[in-house]
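These notes are about the structure you will find just below.
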Amino acid sequence: MMTITLLFKRLALLFAILQIAGNVYADDGYKLWLGYNAVADKKLAAKYKAQLAHLKFAGNTPSLNAAREELLTGLEGTLALRPQIGDKIEYPALLVGIASSLKLPGSVCSESELDKTGNEGYLIKTVIINQKKCIVITAKTDIGVLHGVFGFLKLLQTQQSIDALNILEYPRIMYRVLDHWDNLNRTVERGYAGASIWNWHKLPGYIDQRYIDYARASASVGINGSVVNNVNANALMLTPEYLEKVKALANTFRPYGIKVYLSVKFSSPIDIGGLKTADPLNAQVMQWWKDKADEIYRSIPDFGGFLVKANSEGQPGPQAYGRSHADGANMLADALLPHNGIVMWRAFVYDNNVPDDRAKQAYNEFKPLDGQFKKNVIIQVKNGPIDFQPREPFHPLFGAMPNTPLMMEFQLTQEYLGFSTNLVYEAPLFKESLESDTYAMGKGSTVSKVIQGAFNPKLITGMAGVANIGTDINWCGHPFAQANWYAFGRLAWNPDLSSGDIASDWLKMTFSNNPGFISPMKAMMLQSRETAVNYMTPLGLHHIMGVNTHYGPGPWVDNAGRADWNAVYYHKADSAGIGFNRSSTGSNAVAQYQPQVRDLFENLATCPDEYLLWFHHVGWDYKMRSGATLWDEMVHRYYLGADAVKQMELSWGKMAGYVDEERFGSVKQLLAIQYDEATTWRNSCVLYFQTFSKRPIPAQYPKPDKPLSFYRDRKFLLAPGIGGNQ
């Protein structure tokens with residue numbers, strides 16, 4: 001008879017085997033790109049171990065402790081290595097710490113190199129000590145060391161050689177911020193990955209591990225700020241009760257170099273302050289904001305500052321008192337300046353009472369104010385002039401305000417890109433905007449250079465991303481949506497990185513280093529945004545999504561309550577053709593660009609196909625560069641997009657041997673949903689626009705199996721992502 005002791009031993013062994021099997025075949029995606037998967041190449045792993053067997057880690061601050069823990073976690077995961085740690089060590093070794101603590105000779109780490117790293121950058125170098133090769137990870141600050149540790153672990157995760165390292169890294173952008181459109185009731189406006197991760201009810205007493213892991217993941221890609229509440233702000237955020245909760249988050253993020261910011265409601269002095277006005281030039285209002293800033297900094301000494309949405313979509317602002325955006329922003333800037341805080345003032349403004357092209361309104365309001373903002377104000381400008389569309393030309397404000405800091409605003413959450421059911425890698429969208437040439441200072445004046453302050457080094461610089469994060473176990477709803485969080489951080493650190501290199505790193509860190517996986521999946525990711533544009537808004541079409549929810553197609557929407565919320569406002573389809581005439585014979589939005597760009601878009605012969613219907617109303621039989629008519633080319637793009645999703649399904653189906661079962665199954669199901677949504681987009685738009693073109697769908701394409709009425713009558717009343725400022 002089996003003894004109880006033997007039975008327990010066998011059960012324990014069985015449990016261990018099952019646990020190992022579970023680790024191999026299941027992955028819920030929670031660890032993001034920080035899973036630290038084991039290096040499969042045994043020869044390379046053995047070489048890494050020999051190089052990293054000994055560790056000296058100097059210093060003992062919260063940030064250095066976080067860096068040490070991350071390094072040990074990474075070495076354990078990638079190499080099953082627990083290095084010998086101590087001040088008296090054998091060589092070769094890994095030496096980590098602030099340069100002054102490591103006491104490195106000048107030949108190893110020069111002052112000029114360290115100065116170039118700034119307060120957040122780092123050095124990773126192979127050096128000779130005691131006639132042995134050693135690796136040094138160092139920086140001027142503990143946050144720099146933390147970034148260096150993440151940078152070094154990326155080398156191991158992507159299986160790079162560490163034989164002869166000479167890496168000097170530093171951020172090109174000062175403020176690299178995630179904007180969370182999270183409400184106090186835990187709904188997330190335009191959120192598609194569950195509820196808000198901030199559990200305000202349990203704060204400040206309960207610190208969820210997710211808060212720490214959020215900070216780790218963000219810091220690993222260089223993000224250094226978090227706006228924790230919705231731009232459609234609730235004034236309660238500035239009350240003592242909620243500031244205590246914000247303080248708890250700030251304390252949690254601080255070791256990872258991440259500052260907390262708050263979206264503020266401009267009418268807060270009235271809403272919670274007992275004043276009768278929010279006029280920014282009123283002395284009592286000015287004092288109220290100064291007192292509020294002092295209150296915040298007493299409990300959060302490294303508080304980042306305020307994000308403001310004003311005089312847009314019904315939000316209160318200085319224009320209600322006959323004041324300018326500069327008046328409002330500068331009043332807040334004065335309150336924050338003694339504490340080194342900044343104001344991020346959004347340029348997303350439009351007014352239904354302005355009888356002009358909505359695309360022109362931000363430029364018209366802000367361009368005249370160039371040079372009038374205080375030095376700690378940065379204007380947050382969306383990448384395009386409308387609203388985070390699948391494709392837009394770059395915003396004309398970039399390059400138009402040389403004496404004002406401009407902060408790029410991208411949207412990671414896929415409000416107009418299929419929510420979290422569609423695989424859309426957004427780095428190509430980001431890069432398309434960043435690489436656009438404004439010609440503001442001549443040829444080569446790219447948006448990237450503008451936001452890096454290349455033409456006015458005195459200006460502060462920033463990049464913001466509207467977060468796609470929620471309480472879903474995998475954070476972003478879709479396993480591949482994590483890549484957009486990752487890519488945003490990498491590009492905010494260095495806007496000149498390539499989409500392909502970022503995709504390769506993410507795939508290797510998240511899934512597998514196997515070339516049989518990397519090559520087809522990288523190609524799929526890089527094509528995915530263009531695919532989405534094709535089945536949603538080809539050839540410069542825009543804002544034809546379902547009303548309010550922005551889910552699915554709604555090119556027929558004409559009763560949304562105000563003109564510029566209707567799809568028909570943007571596509572202007574009629575019997576003669578389709579497209580919004582923004583040329584000199586139309587709204588003349590092209591005039592907001594520099595002459596070289598204006599002329600490119602103005603001329604039908606030179607306007608890129610991608611922006612054709614953005615800038616021109618074009619006849620259905622207009623001959624495209626492809627030789628096809630506009631109608632035939634549009635139909636082709638819609639079918640091409642849907643067919644490409646089918647190819648994505650087929651490509652992913654071949655990846656079963658490279659990916660754990662859980663994530664493989666998840667992506668497989670989501671791609672099937674995406675194909676259904678892509679064909680719905682295709683059928684809806686082709687059938688609807690056909691009512692104007694009166695032309696047949698070319699014979700080579702399968703005809704939609706349902707009538708237009710079927711698609712027009714569909715309702716998505718409970719689509720996620722709709723939430724007010726609760």
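Numbers for residues simply follow the sequence, beginning at 1. Because only heavy atoms are used, hydrogens play no part in the values below, and waters and symmetry mates are left out as well, while side chains stay in.
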| request: Among residues two or more places apart or on two chains, list those pairs meeting salt bridge (charged side-chain N to carboxylate O under 4.0 Å, His left out) that have a residue in residues 413-429. | output: R190-E415
| request: Mind listing the closest non-hydrogen atom pair of G418 and M536 along with its distance? | output: N-CE, 3.5 Å
| field | Close aromatic pair by centroid cut-off 6.0 Å: F580 and H616 | value | no
| Distance (rounded to the nearest 0.5 Å) between W620 CH2 and F692 CZ | 8.0 Å
| If you measure from CD1 on I378 to CG on L459, what distance do you get to the nearest 0.5 Å? | 8.5 Å
| query | Taking all non-hydrogen atoms of both residues, which atom of P538 and which atom of R637 are closest, and how far apart? | reply | CB-CB, 3.6 Å
| Is a side-chain N or O of Q674 found less than 3.5 angstrom from the main chain of L423, in a donor-acceptor match? | yes
| request: Find the distance between CG (L491) and OG (S433) and round it off to the nearest 0.5 Å. | output: 11.0 Å
| said: In the structure I gave you, are the side-chain heavy atoms of T680 and P553 within less than 4.5 Å of one another anywhere? | reply: yes
| request: Step by step, work out the side-chain hydrogen bond (donor to acceptor under 3.5 Å, both in side chains) result for E392 and N383. | output: CA-CA 8 Å; E392 299 190 36; N383 59 283; 5.4 Å; no
| Pick from L600, N603, V590, N581: which one makes a side-chain contact (heavy atoms from CB on, under 4.5 Å) with F615? | V590
| note | To the nearest 0.5 Å, atom CD of E677 lies from atom CZ of R682 at 14.0 Å
| request: Go through the steps to decide whether W506 and Q482 satisfy the test side-chain contact (heavy atoms from CB on, under 4.5 Å), and finish with yes or no. | output: CA-CA 9 Å; W506 179 79; Q482 298 174 357; 4.0 Å; yes
| query | Does K572 count as lying over the ring of Y569, i.e. NZ or CZ under 6.0 Å from the six-ring centre, within 45 degrees of the axis? | reply | yes
| task | Decide yes or no on side-chain contact (heavy atoms from CB on, under 4.5 Å) for I223 and W485, but give the supporting numbers first. | result | CA-CA 10 Å; I223 291 166; W485 180 3; 3.8 Å; yes
| note | Looking only at heavy atoms, the pair that brings A347 and I379 closest together is CB-CG2, 3.7 Å
| query | Under 6.0 Å from the six-membered ring centre of F716 and within 45° of its axis: does the NZ or CZ of R714 meet both? | reply | no
| said: Out of the candidates R172, Q452, K449, only one should pair with D496 under the side-chain contact (heavy atoms from CB on, under 4.5 Å) rule; please name it. | reply: Q452
| query | If we ignore angles and hydrogens, is there a donor and acceptor under 3.5 Å between the side chains of Q319 and E365? | reply | yes
| query | Got Y486 and D505 here, is their nearest side-chain heavy-atom distance under 4.5 Å? | reply | yes
| query | Near K703 NZ, under 6.0 Å, is it more than 12 heavy atoms from other residues, nucleotides or ligands? | reply | yes
| said: Taking the side chain as everything from C-beta on, heavy atoms only, tell me whether L178 gets closer than 4.5 Å to L412. | reply: yes
| said: Taking atom NZ as the centre, does K367 end up with more than 12 heavy-atom neighbours from other residues, nucleotides or ligands that are less than 6.0 angstrom away? | reply: yes
| Are Y711 and N683 close enough that some pair of their side-chain heavy atoms sits under 4.5 Å apart? | yes
| remark: Applied to residues 379-401, the ring-ring contact (aromatic ring centres under 6.0 Å, His included) test, sequence neighbours excluded, yields F394-Y593
| request: Identify the heavy atoms of A567 and P555 that sit nearest to each other, and give their distance. | output: CB-O, 3.6 Å
| message | According to ring-ring contact (aromatic ring centres under 6.0 Å, His included), does anything in residues 429-462 pair up with another residue at least two apart or in another chain? List the pairs. | response | F410-F430
| said: Students often mix this up, so state it plainly: with edges at 30° and 60°, are the rings of H636 and Y701 parallel, tilted or perpendicular? | reply: tilted
| Set of ring-ring contact (aromatic ring centres under 6.0 Å, His included) partners for W181, sequence neighbours left out | none
| message | If you define the side chain from C-beta out and look only at heavy atoms, does anything of E409 sit under 4.5 Å from M344? | response | no
| field | Side chain Q389, main chain P385, donor-acceptor under 3.5 Å | value | no
| request: Identify the two heavy atoms, one from V349 and one from A310, that lie closest to each other, and give their separation to 0.1 Å. | output: CG1-O, 3.6 Å
| task | Give a yes/no verdict on a cation-pi contact between R358 and Y350, requiring under 6.0 Å between NZ or CZ and the six-membered ring centre and an angle within 45° of the axis. | result | yes
| Is the ring centre of Y425 less than 6.0 Å from the ring centre of F480? | no
| field | Contacts of type side chain to side chain donor-acceptor pair (under 3.5 Å), residue R712, not counting sequence neighbours | value | none
| request: Would you check if there is a donor-acceptor pair between the side chains of T446 and S448 at a distance under 3.5 Å? | output: no
| message | Show, in sequence, the C-alpha distance, side-chain angles and deciding distance for S583 and N588, and conclude whether the side-chain contact (heavy atoms from CB on, under 4.5 Å) test is met. | response | CA-CA 5 Å; S583 74; N588 202 27; over 6 Å; no
| query | Any luck finding a side-chain donor-acceptor pair between N232 and E313 under 3.5 Å? | reply | no
| request: Spell out, as yes or no, whether a donor-acceptor pair under 3.5 Å connects the side chain of N403 to the backbone of D370. | output: no
| field | Which residues share a side chain to side chain donor-acceptor pair (under 3.5 Å) with Q361, sequence neighbours left out | value | none
| message | Listing request: all salt bridge (charged side-chain N to carboxylate O under 4.0 Å, His left out) pairs with a residue in residues 685-701, at least two apart in sequence or in separate chains. | response | D621-R695
| said: For a quick check under 3.5 Å, do Q414 and S420 share a side-chain donor-acceptor pair by atom type? | reply: no
| message | Suppose the criterion is ring-ring contact (aromatic ring centres under 6.0 Å, His included): which pairs have a residue in residues 520-543, not counting sequence neighbours? | response | Y416-H543, H542-Y570, H542-W614, H543-H550, H543-Y570
| field | Residues in side chain to side chain donor-acceptor pair (under 3.5 Å) contact with T679, at least two apart in sequence or another chain | value | none
| Nearest atoms (heavy-atom pairs only) where S528 meets M648 | CB-CE, 4.2 Å
| Are side-chain heavy atoms of T691 and L708 found at a separation under 4.5 Å? | yes
| Do R490's NZ or CZ and the ring of W493 fall within the cation-pi criteria of under 6.0 Å and 45°? | no
| query | Going by heavy atoms in the side chains, are I173 and P495 under 4.5 Å from each other? | reply | yes
| request: Can you tell me which residue pairs pass the salt bridge (charged side-chain N to carboxylate O under 4.0 Å, His left out) test with a partner in residues 527-546, sequence neighbours excluded? | output: R391-E530, E432-R529
| task | Taking side chain to side chain donor-acceptor pair (under 3.5 Å) as the test, write out the residues that go with Q380, two or more places apart. | result | none
| message | Tell me which pairs pass salt bridge (charged side-chain N to carboxylate O under 4.0 Å, His left out) where either residue lies in residues 578-588, with sequence neighbours left out. | response | D357-R582
| task | Could you check if a side-chain atom of T461 sits within less than 4.5 angstrom of a side-chain atom of I451, using non-hydrogen atoms only? | result | no
| task | Could you tell me whether the side chain of N534 and the main chain of L640 form a donor-acceptor pair under 3.5 Å? | result | no
